[in-house]
Amino acid sequence: MPEISYVRGDATAPSVKGVKMIAHVCNDVGGWGKGFVLALSRRWPEPEAAYRAWHRGRASNDFGLGAAQFVQVEPYVWVANMVGQRGIRTGSKGVPVRYEAIDAALALLAGKAVELGASVHMPRIGCGLAGGTWARVEPLVTERLVRRGLAVTVYDHGG
């Protein structure tokens, strides 16, 4: 069975051939402005615009925890906006990450990646501002993506 590849670098600039899906976790309150999304927005305006429109129209669409939105940003590059955190702050209810929502969104991502024949690229999703731990997220990535035969690369930023 394939395994997750870990590399140092920028998850917004995968250097492999073929169709690429860049996956990341969003919150469920429409906030976009900290963390990995800033790197996405520096490269392409479409993921943020699509996410904000999706959130605005949430009364009549599937926006919510566990949902995923797929935005094509280049002929062979897509971005997966995955709603995997409740709110944006750590407080009395704990950290914002929702592992079950990440799991559900990863299942949707797997289906889309298989359909497109895409490799999957991501930072350590759910582990930055969302406050999650990679020890809890990695098995979800393995189960939902790697076990379906998808090539997954996880990027650690910096030198």
Side-chain angles (χ1 to χ4, degrees), residues 1-29 31-32 34-41 43-44 46-48 50-51 54 62-74 76-88 90 94-159:
M1 187 173 80
E3 294 181 357
I4 298 171
S5 297
Y6 290 90
V7 299
R8 284 229 171 266
D10 180 355
T12 68
S15 60
V16 297
K17 298 227 181 294
V19 180
K20 297 166 270 296
M21 178 73 72
I22 299 169
H24 71 106
V25 167
C26 306
N27 61 65
D28 67 347
V29 294
W32 182 290
K34 284 188 173 161
F36 183 70
V37 298
L38 295 177
L40 285 173
S41 291
R43 283 188 78 99
W44 307 286
E46 298 90 349
E48 177 179 0
Y51 168 79
W54 189 30
D62 66 346
F63 183 92
L65 285 169
Q69 178 190 52
F70 305 104
V71 183
Q72 190 169 10
V73 294
E74 289 179 16
Y76 296 100
V77 181
W78 292 70
V79 171
N81 291 333
M82 303 188 304
V83 185
Q85 67 180 73
R86 163 85 66 206
I88 54 174
T90 296
V95 294
V97 70
R98 293 295 178 266
Y99 297 108
E100 65 286 349
I102 290 175
D103 188 46
L106 284 169
L108 297 172
L109 169 65
K112 186 68 172 180
V114 167
E115 174 192 320
L116 295 170
S119 56
V120 180
H121 305 267
M122 63 180 72
R124 291 184 189 238
I125 58 169
C127 298
L129 296 169
T133 65
W134 189 244
R136 295 266 319 263
V137 175
E138 184 183 44
L140 305 177
V141 173
T142 297
E143 184 60 36
R144 294 295 186 178
L145 305 178
V146 177
R147 285 190 191 276
R148 291 206 48 190
L150 293 163
V152 178
T153 304
V154 172
Y155 295 74
D156 289 315
H157 203 71

Straight-line distance of Met21 CE to Gln72 CD, nearest 0.5 Å: 9.5 Å
For Val154 and Trp134, what are the C-alpha separation, side-chain angles and deciding distance, and is it a side-chain contact (heavy atoms from CB on, under 4.5 Å)? CA-CA 11 Å; Val154 172; Trp134 189 244; 3.8 Å; yes
Those residues at least two apart in sequence (or on a different chain) that pass ring pair (Phe, Tyr, Trp, His ring centres under 6.0 Å) with Trp54 are Phe63
Using a 4.5 Å cut-off on heavy atoms from C-beta on, say whether the side chain of Trp78 contacts that of Leu109. no
Measure the acute angle between the ring planes of Phe36 and His24, then classify it against the limits of 30° and 60° as parallel, tilted or perpendicular. tilted
Do Val37 and Tyr51 have side-chain heavy atoms sitting under 4.5 Å apart? no
Counting C-beta onward and ignoring hydrogens, is there a side-chain heavy-atom pair between Leu129 and Ile88 closer than 4.5 Å? no
Nearest 0.5 Å, what's the CH2-CG distance between Trp32 and Leu40? 5.5 Å
Could you pull out all residues at least two apart from Glu100 that satisfy salt bridge (charged side-chain N to carboxylate O under 4.0 Å, His left out)? none
Would you say the side chain of Arg136 lies within less than 4.5 Å of the side chain of Ile102, judging by non-hydrogen atoms? no
Does the side-chain contact (heavy atoms from CB on, under 4.5 Å) test come out yes or no for Thr133 and Tyr99, once each step is laid out? CA-CA 10 Å; Thr133 65; Tyr99 297 108; 3.7 Å; yes
What do you reckon, is OH of Tyr76 surrounded by more than 12 foreign heavy atoms closer than 6.0 Å? no
Can you find a heavy atom in the side chain of Val137 that is under 4.5 Å from one in the side chain of Cys127? yes
Is the closest side-chain heavy-atom distance between Pro14 and Ile22 below 4.5 Å? yes
